[in-house]
Amino acid sequence: MRKAFIAVGLTAILCLMLSGVALGGRPGPTGTVSGTVKDISTGAAVAGATISNGTVSATTDANGNYTMNVATGSNTLSASAGSYITTYQVCTVTSGITTTVNWSLTKAYGNQAIPAAGMDYTILAWNDLGMHCDQDDYSYFMVLPPYNTLHVQIQDRNGRNNPIMSGVTVSYAFPKKTNSALHTNWWTYQSQYGFNQPVNVGISGTPLAGDMVPDANNLSWVAEGIPITPYDDDGTWDPYGTATITVKDSAGNILQTADVVAPVSTEMTCSNCHGTSNPQLDILQKHDEHNGTTLATDQAAGKVHACAECHADNALGAPGKPGVENLSLAMHQFHAGKAADTTDGCYNCHPGPKTQCLRGIMERAGKGCVDCHGSMAQVASSIVNGRNPWLEEPRCADCHDAKHAENDNTLYRNSVLQNGPNNTMNGKLYCEACHNSTHAELTTAISADASITQKFQGDNYWIWNCTVCHTNKRQQPMHK
Amino acid sequence: MKSRHLLLIALFLTGLSLFLYGCQANSNSASPKALLDKYFSSAMKQDYATTYTCYYKAYQDKVSQEDYVKHRKQASILRSYKVTSLKQSDVTAQAEVLLTFAPSKKLSRNKPVTVRAKEDLIKEDNQWKIKVW
């Protein structure tokens with residue numbers, strides 16, 4: 001009898017154990033994540049780094065390599081190592097497939113004295129896109145006119161009513177780019193492209209130097225459509241020209257000044273495919289051959305066309321002609337397969353192998369154009385499937401954790417802080433104010449990008465030290 | 001014999017002095033003015049490879065001579081220059097220069113055009129150079 005009770009009891013325990021497994025005690029499906037951890041500046045392997053999804057973790061070996069099994073689905077991974085800033089990436093893990101997640105870690109912040117500590121006002125300034133395209137010659141066609149945009153947010157380090165949007169005058173000027181007409185023929189042809197501005201004034205009416213105005217959100221001062229070119233007055237090829245921003249009070253006293261870069265390049269290497277003798281004419285002739293247009297004949301007769309005349313272009317707000325593909329679709333669809341789907345491939349048309357439109361921290365960490373935008377065929381198909389080019393672009397949140405995501409239905413360049421350490425900051429500080437332009441997120445490969453952080457924070461990092469903008473604050477996490 | 005030796009030594013020293021003076025006068029680093037002269041006169045001759053040598057290291061690190069020459073040819077041709085002011089400290093200098101660019105068919109410019117430009121100079125490895133950023 002006693003043996004029977006023991007047998008029944010053991011059987012019951014076994015059944016409970018088995019049922020427990022069946023009801024959820026058994027681990028779910030897993031997939032493998034592996035990769036390498038490197039130092040972003042030197043490229044050296046980081047040994048002993050910890051990769052974790054909060055549940056399981058792995059440590060890198062002497063070569064910086066790691067492998068770990070994690071639950072399938074979306075995982076937010078972190079990478080931490082002694083003297084580096086902890087970094088996060090989102091990855092989707094599939095059962096039976098090894099997902100590669102590589103890391104390039106940035107050294108921890110320095111302990112330098114913060115230069116802004118001795119100042120009353122801080123200027124946070126940036127260019128909107130990280131790079132604007134320009135053309136050396138407008139006598140054949142126009143893709144984009146000279147056009148650059150600067151934003152400025154002013155912080156009163158002793159005040160609470162930031163950013164300052166009244167009682168000041170904010171002006172900009174490019175000391176070495178005072179006369180774009182010296183080196184471009186844009187103003188000779190602008191009327192044929194539908195514009196009629198005075199020389200050295202951009203298509204939106206913005207001159208090479210002047211006062212900035214409040215933006216549509218009344219959060220920053222903006223100069224939109226500045227017609228600078230990559231040529232300094234003396235002819236120097238300078239795609240990283242800097243503007244001097246000057247903030248004055250209502251009495252005309254200078255409160256603060258700072259330099260900010262406004263990148264612009266003509267490095268569209270059409271000649272790689274369209275011949276070196278006259279690539280612009282070759283483009284027109286090819287267009288005529290394929291589409292039955294008369295662009296080359298028109299050009300020979302002195303009549304030139306903007307691409308946006310027929311192809312809708314959100315960059316210019318041009319509606320195009322009914323039944324004609326928008327410019328972004330036409331370009332990517334036609335050229336897909338004709339150039340490699342790599343950053344170098346993109347640099348055949350976008351500036352460029354020397355200019356380096358893509359040069360921010362993600363590029364330094366090994367990411368290329370295609371990692372965010374997809375291949376040319378994917379760019380084209382996304383438009384076919386309804387994406388609005390220029391207005392709907394890759395999202396930070398696709399790779400970064402929710403704390404570092406941009407605002408819902410808003411591009412990074414228009415997004416503002418929503419999870420700051422102090423609620424009064426939320427909705428006021430642009431992402432680009434601290435992290436710099438898209439494509440050129442700090443820290444970048446070009447020293448000119450970091451002129452603001454150099455002046456006010458004393459390093460090339462994004463704005464991480466609260467002392468930059470506040471007299472009574474020290475470093476704390478910027479994103480709650 | 002002794003006086004001949006002395007004469008030869010004197011001639012040698014004189015020649016050496018003249019050589020060194022000539023080197024200094026021709027160097028792009030002797031003074032800010034000398035650098036500006038080399039910078040603009042080479043541009044006037046469209047000898048942009050020489051113009052390129054006048055830039056400081058940060059620019060040359062970013063822009064190769066080949067790329068510089070290629071892009072500089074796209075900009076206007078310098079016809080003349082005149083340095084109107086030059087302020088110099090130990091390691092930096094600022095100049096204002098009147099630059100006159102030639103007429104250009106590409107730019108539909110029938111007459112020369114003059115602009116007042118600013119130049120920043122920096123002393124790098126004991127040589128004066130044009131600073132861009």
Side-chain angles (χ1 to χ4, degrees), chain A residues 134-140 173-190 199-200 208 229-242 244 259-261 263 265-267 269 271 276 280 302 351-356 359 445-451 454, chain B residues 36 39-40 42-44 46 48 51-52 54-79 81 83 94-110 112-121 129-133:
Chain A
D134 183 27
Q135 295 173 223
D136 274 326
D137 186 1
Y138 288 93
S139 66
Y140 285 84
F174 292 83
K176 294 187 179 177
K177 294 179 190 288
T178 66
N179 189 343
S180 289
L182 285 173
H183 305 295
T184 179
N185 55 11
W186 162 252
W187 284 278
T188 303
Y189 292 94
Q190 62 160 340
V199 170
N200 288 322
L208 284 168
T229 75
Y231 298 99
D232 288 352
D233 288 341
D234 69 3
T236 298
W237 185 61
D238 174 16
Y240 292 97
T242 52
T244 298
D259 291 339
V260 60
V261 68
S265 179
T266 53
E267 200 186 7
T269 46
S271 58
T276 52
Q280 300 184 97
K354 305 298 178 186
T355 309
Q356 286 182 286
R359 61 191 183 280
I446 304 291
S447 59
D449 286 319
S451 55
Q454 275 289 355
Chain B
L36 290 167
Y39 181 60
F40 290 119
S42 60
M44 285 169 59
Q46 298 175 62
Y48 298 130
T51 313
Y52 176 80
C54 299
Y55 291 102
Y56 71 151
K57 187 172 180 303
Y59 185 78
Q60 294 190 345
D61 283 348
K62 176 68 190 144
V63 180
S64 70
Q65 186 185 73
E66 182 187 0
D67 289 321
Y68 174 78
V69 171
K70 183 175 80 178
H71 289 290
R72 181 61 186 85
K73 284 178 179 173
Q74 294 293 328
S76 291
I77 296 169
L78 185 64
R79 173 177 274 188
Y81 72 97
V83 178
Q94 292 82 39
E96 281 198 356
V97 192
L98 283 177
L99 302 176
T100 299
F101 290 97
S104 163
K105 188 180 173 188
K106 174 184 161 188
L107 300 177
S108 306
R109 190 166 64 212
N110 302 321
V113 60
T114 299
V115 65
R116 185 179 296 276
K118 290 181 179 174
E119 300 294 344
D120 292 318
L121 286 72
K129 295 285 184 180
I130 298 291
K131 183 174 181 291
V132 180
W133 301 304

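Small disclaimer: the values here were computed from a predicted structure and weren't measured. Because only heavy atoms are used, hydrogens play no part in the values below, and waters and symmetry mates are left out as well, while side chains stay in. Throughout, a chain's letter reflects where its sequence line sits, starting with A, and its residues are numbered from 1.
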side-chain hydrogen bond (donor to acceptor under 3.5 Å, both in side chains) test vs A/Thr236 passes for just one of B/Tyr39, B/Tyr59, B/Tyr68, namely B/Tyr39

Please look at [X] and chain A and tell me whether the side chain, the backbone, both or neither of the residue comes under 4.5 angstrom of a heavy atom of that chain.
{"X": "B/Leu99", "result": "side chain"}
{"X": "B/Val115", "result": "side chain"}
{"X": "B/Tyr81", "result": "neither"}

Against chain B, label [X] side chain, backbone, both or neither, depending on which of its atoms sit under 4.5 Å from a heavy atom there.
{"X": "A/Thr242", "result": "neither"}
{"X": "A/Asp259", "result": "neither"}
{"X": "A/Lys354", "result": "both"}
{"X": "A/Ala181", "result": "backbone"}
{"X": "A/Ser447", "result": "neither"}
{"X": "A/Thr184", "result": "backbone"}
{"X": "A/Tyr240", "result": "both"}

Within the supplied structure, the quantity of interest is the number of heavy atoms (other residues, nucleotides, ligands) at a distance under 6.0 Å from B/Glu66 CD; does it exceed 12?
no

Do [X] and [Y] have side chains that approach each other closer than 4.5 Å (heavy atoms only, starting at C-beta)?
{"X": "A/Lys176", "Y": "B/Asp120", "result": "yes"}
{"X": "B/Lys62", "Y": "A/Gln356", "result": "yes"}
{"X": "A/Thr266", "Y": "B/Gln74", "result": "no"}

Verify, without hydrogens or angle tests, whether B/Arg109 (side chain) and A/Leu182 (backbone) share a donor-acceptor contact under 3.5 angstrom. yes

If I take atom [atom1] from residue [X] and atom [atom2] from residue [Y], how far apart are they, to the nearest 0.5 angstrom?
{"X": "B/Ser108", "Y": "A/Tyr189", "atom1": "OG", "atom2": "OH", "value": "4.5 Å"}
{"X": "A/Asp233", "Y": "B/Phe101", "atom1": "CG", "atom2": "CZ", "value": "7.5 Å"}
{"X": "B/Lys105", "Y": "A/Asn185", "atom1": "NZ", "atom2": "CG", "value": "12.5 Å"}

B/Ala75 and A/His183 have their tightest heavy-atom pair at CB-ND1, 3.4 Å

Looking only at heavy atoms, the pair that brings A/Asp234 and B/Phe40 closest together is CB-CE2, 4.3 Å

### Message
Would you call the rings of B/His71 and A/Trp237 parallel, tilted or perpendicular, taking 30° and 60° as the class edges?
### Response
parallel

Is any side-chain N of the basic residue among A/Asp136 and B/Lys106 closer than 4.0 Å to the acidic one's carboxylate O? no

Residue from B/Val132, B/Thr51, B/Val113 scoring the most non-hydrogen pairs under 4.5 Å with chain A is B/Val132

